Amino acid sequence: MKEIKNEKQEISKDECLNDEDLLNDIMLCEKNISNSYSVAINEMSNKYLYKKIMDIFEDTKDIARDIFNLMFSKGWYTLTPEEENKITKSYTKYSDKLKELS
């Protein structure tokens, strides 16, 4: 199946960190931060604090999304679409499991 991607913007591969390396590192940090916020949100008992942390969590997810979009636009991320029959098979499998729980 054909990959979904943009034309890759070539960057120098010297010993220093380049833009792609930096954005990969920032993306990884954003993912880790949002995972930590997610755990904290699940365990918040104070309603006011919950709301404040939830706002920060949403900002963190938005930043991660912006970074992904930038990296995708530069061709540093590619997506491979799944075959329709595999999607249907997975959907049916989990729909059946959900019905069993009802």
Side-chain angles (χ1 to χ4, degrees):
M1 197 159 263
K2 188 174 186 220
E3 288 184 331
I4 300 169
K5 62 183 178 179
N6 290 303
E7 183 178 335
K8 187 169 185 173
Q9 184 179 32
E10 294 300 325
I11 49 179
S12 66
K13 299 283 185 184
D14 56 13
E15 293 181 22
C16 296
L17 293 175
N18 56 40
D19 291 347
E20 182 179 6
D21 295 332
L22 291 171
L23 284 174
N24 271 318
D25 189 51
I26 293 168
M27 176 66 95
L28 181 60
C29 288
E30 288 298 324
K31 288 177 181 179
N32 288 331
I33 290 168
S34 68
N35 287 339
S36 295
Y37 277 129
S38 181
V39 170
I41 288 166
N42 290 334
E43 298 175 0
M44 292 271 158
S45 60
N46 182 292
K47 190 182 250 184
Y48 175 79
L49 187 56
Y50 170 85
K51 173 67 175 125
K52 289 295 182 186
I53 297 299
M54 185 59 125
D55 290 343
I56 295 169
F57 172 74
E58 289 172 353
D59 290 343
T60 302
K61 296 308 262 181
D62 290 342
I63 291 168
R65 182 69 183 162
D66 291 344
I67 294 167
F68 168 81
N69 286 335
L70 176 61
M71 293 182 76
F72 184 76
S73 72
K74 294 189 175 290
W76 300 335
Y77 260 98
T78 58
L79 304 172
T80 305
E82 190 56 85
E83 296 172 17
E84 186 68 33
N85 63 338
K86 288 183 179 179
I87 295 171
T88 303
K89 184 178 176 180
S90 291
Y91 177 81
T92 302
K93 176 183 172 182
Y94 291 105
S95 292
D96 292 345
K97 286 186 182 229
L98 183 60
K99 288 176 189 173
E100 289 175 15
L101 296 173
S102 302

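All of these numbers come straight from a predicted model, not from anything done at the bench.
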Engineer: In the hydrophobic clustering that connects Ile, Leu, Val, Met, Phe, Trp and Tyr at side-chain heavy-atom distances below 4.5 Å, which members other than Leu98 occupy its cluster, ordered by chain and number?
Structural biologist: none

Engineer: Tell me the side-chain hydrogen bond (donor to acceptor under 3.5 Å, both in side chains) pairs involving residues 92-102, sequence neighbours left out?
Structural biologist: none

Engineer: Considering residues at least two apart in sequence or located in another chain, which fulfil the salt bridge (Lys or Arg N to Asp or Glu O under 4.0 Å) criterion with Lys61?
Structural biologist: none

Engineer: With rounding to the nearest 0.5 Å, note down the distance linking NZ in Lys52 to CG in Asn46.
Structural biologist: 12.0 Å

Engineer: Does any pair with a residue in residues 20-51 pass ring-ring contact (aromatic ring centres under 6.0 Å, His included), and if so which ones, sequence neighbours excluded?
Structural biologist: none

Engineer: Is a side-chain N or O of Asp25 found less than 3.5 angstrom from the main chain of Asp21, in a donor-acceptor match?
Structural biologist: no

Engineer: According to a hydrophobic-cluster definition based on side-chain heavy atoms being under 4.5 Å apart (Ile, Leu, Val, Met, Phe, Trp, Tyr only), do Leu49 and Ile56 belong together?
Structural biologist: yes

Engineer: What's the separation between atom CD1 in Ile33 and atom CG in Asp59, rounded to the nearest 0.5 Å?
Structural biologist: 12.0 Å

Engineer: Please answer: with hydrophobic residues joined when any side-chain heavy atoms are less than 4.5 Å apart, are Tyr77 and Leu79 in the same cluster?
Structural biologist: yes

Engineer: Got a sec, which residues hit side chain to side chain donor-acceptor pair (under 3.5 Å) with Lys51, two or more places apart in sequence or on another chain?
Structural biologist: Asp55

Engineer: For Met71 versus Glu20, what's the shortest heavy-atom pair and its separation?
Structural biologist: CE-O, 4.3 Å

Engineer: Please list, chain by chain and in numerical order, all residues satisfying side chain to side chain donor-acceptor pair (under 3.5 Å) with Thr60, sequence neighbours excluded.
Structural biologist: none

Engineer: State the CZ-CZ distance between Arg65 and Phe72, to the nearest 0.5 angstrom.
Structural biologist: 9.5 Å

Engineer: Would you compute the distance between atom CD of Glu58 and atom OG of Ser34 and round it to the nearest 0.5 angstrom?
Structural biologist: 12.0 Å

Engineer: Can you tell me how far CG of Leu70 sits from NZ of Lys74, rounded to the nearest 0.5 angstrom?
Structural biologist: 5.5 Å

Engineer: Are Ile26 and Leu28 connected in a single hydrophobic cluster, I mean Ile/Leu/Val/Met/Phe/Trp/Tyr linked by side-chain heavy atoms less than 4.5 Å apart?
Structural biologist: no

Engineer: What is the minimum heavy-atom distance between Leu23 and Ile67, and which atoms define it?
Structural biologist: O-CG2, 4.0 Å

Engineer: Please round to the nearest 0.5 Å and tell me the distance separating atom CE of Met27 and atom CH2 of Trp76.
Structural biologist: 12.0 Å

